[in-house]
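Down below is the structure, laid out as structure tokens.
Along the sequence shown, residues are numbered consecutively beginning with 1.
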Amino acid sequence: MAAVSIKLHYNVPTLNSSSYNDSQRSIFSSYPIAMKFSVSTLALFAAVGSSAVLPRAENATSTSSACYSVHTGYLTVFPGEQPSKHIPVGLNTQNQVTYGVDADQKFLVEFQACPDLPDQLPDADMYNGRIIKSGSTDCVTVSNPSAPEDGPFFLELAACQSDTEPPASQQWEYGNDFGAVVFWKGASEKDEVGWTDDDQSNPVVEQGTNRLELGCANSCSSFNITPEDQL
């Protein structure tokens, strides 16, 4: 089932400070003009399977716009046939992301937050950014981002296009109100697109290639980035 994000907004109206004395203006100035936060009854549960947290790189200061690593692990799914396990996806010899092929090895990835992208909430462990193959300059990329809105989309490793603002095909979201889940942002950069699941909640793959399919026409599920010791 696709994760649903719940956002609550509270707004405080702008005040005409000339109508109040110095003491009153001091009190009003302590209130924020707007407050935005997210709540989830499932966040604590989802955090149990969260990925390892990486320290922020020394050269990625608060004023830097370079993408920096925040989580490392294996890109995994949570299939219905093994409902208690995170199962890593594989990588074939064409650098395509597959599922269910023993010969296609799992691969270590890092989720990198990109400060130039909107909606960064580090205090809530929620980021927009990219996913790189650890130790490389290759990104997990949607190979056909211009496919119809309902997909299917497919993944591959391809050279990262930007160290500050990845293109839509390489933009990913980490974390929402359901915890440490991972979605492709979608061609519009406003969506949450996960892997396509069948009526048994198992991943759908392309016949003949076993490429993992993405798309949320009917239902889809989130990825995770899972450390080795949680596989």
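Rounded to the nearest 0.5 angstrom, C160 SG and I132 CD1 are separated by 6.5 Å. Considering CD of E156 and CD of Q94, their distance stands at 11.0 Å, rounded to 0.5 Å. Separating the CG atom in N95 from the CG atom in L155 is a distance of 12.0 Å, to the nearest 0.5 Å.
The two residues W195 and S222 come nearest to each other via the heavy atoms NE1-O, 2.8 Å. For F107 against V140, the heavy-atom pair with the smallest separation is CE1-CG2, 4.3 Å. Nearest approach of F111 to G129, heavy atoms of both residues: CZ-N, 3.7 Å. Among all heavy-atom pairs drawn from P148 and F153, the shortest one is O-CZ, 3.4 Å.
Residues passing the side-chain contact (heavy atoms from CB on, under 4.5 Å) test with Y99 are V77, P79, E81, I87, P203, V205, L212, sequence neighbours excluded. Qualifying side chain to side chain donor-acceptor pair (under 3.5 Å) partners for D163, counting only residues two or more places apart in sequence or in other chains: R130. Residues passing the side chain to side chain donor-acceptor pair (under 3.5 Å) test with N144, sequence neighbours excluded: none. The side-chain contact (heavy atoms from CB on, under 4.5 Å) test applied to P152 returns F154, E213, not counting sequence neighbours. Taking P145 as the reference, V142, S169, W184 meet the side-chain contact (heavy atoms from CB on, under 4.5 Å) condition, with sequence neighbours excluded. Applying the side-chain contact (heavy atoms from CB on, under 4.5 Å) criterion to Q105, with sequence neighbours excluded, gives no partner residue. Partners of Q161 according to the side chain to side chain donor-acceptor pair (under 3.5 Å) rule, which considers only residues two or more places apart in sequence or in another chain, do not exist here. Applying the side chain to side chain donor-acceptor pair (under 3.5 Å) test to S136 and every residue at least two apart in sequence or in another chain returns nothing.
S221 and D197 share a side-chain donor-acceptor pair at under 3.5 Å. Between the side chains of E110 and T72, not a single donor N or O lies within less than 3.5 Å of an accepting N or O. Judged purely by distance below 3.5 Å, without hydrogens or angles, the side chains of N92 and T98 never pair a donor atom with an acceptor atom.
Evaluation of the disulfide bond (SG atoms under 2.5 Å apart) test over residues 79-129, restricted to residues two or more places apart or in two chains, returns C67-C114. Residue pairs meeting the salt bridge (Lys or Arg N to Asp or Glu O under 4.0 Å) criterion with at least one partner in residues 199-209, sequence neighbours excluded, are E206-R211. Every pair tested for ring-ring contact (aromatic ring centres under 6.0 Å, His included) that includes a residue from residues 121-150 fails, sequence neighbours excluded, so the list is empty.
Between the side chain of Q170 and the main chain of A159, a donor-acceptor pair closer than 3.5 Å is present. Counting only distance, with no hydrogens or angles, the side chain of N224 and the backbone of T76 share no donor-acceptor pair below 3.5 Å. Remark: the backbone N or O of P166 is paired with a side-chain donor or acceptor of Q171 at under 3.5 angstrom. Q120 contributes a side-chain N or O that, together with a main-chain N or O of L117, makes up a donor-acceptor pair within less than 3.5 Å.
Inter-residue side-chain proximity for V70 and D125 is flagged as unmet; no heavy-atom pair is nearer than 4.5 Å. Side-chain contact between Y68 and P115 is present, with at least one heavy-atom pair separated by less than 4.5 Å. Between K106 and E228 there is a side-chain heavy-atom pair separated by less than 4.5 Å. With a 4.5 Å cut-off on side-chain heavy atoms, I225 and F223 do not count as touching. N128 places none of its side-chain heavy atoms less than 4.5 Å from the side chain of Y174.
If you chain together ILVMFWY residues whose side-chain heavy atoms come under 4.5 Å of each other, L108 ends up grouped with Y74, L231.
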Exercise for the section: Let me see the working for N176 and V181 under side-chain contact (heavy atoms from CB on, under 4.5 Å), right down to the final yes or no. Expected result: CA-CA 7 Å; N176 66 14; V181 294; 3.4 Å; yes
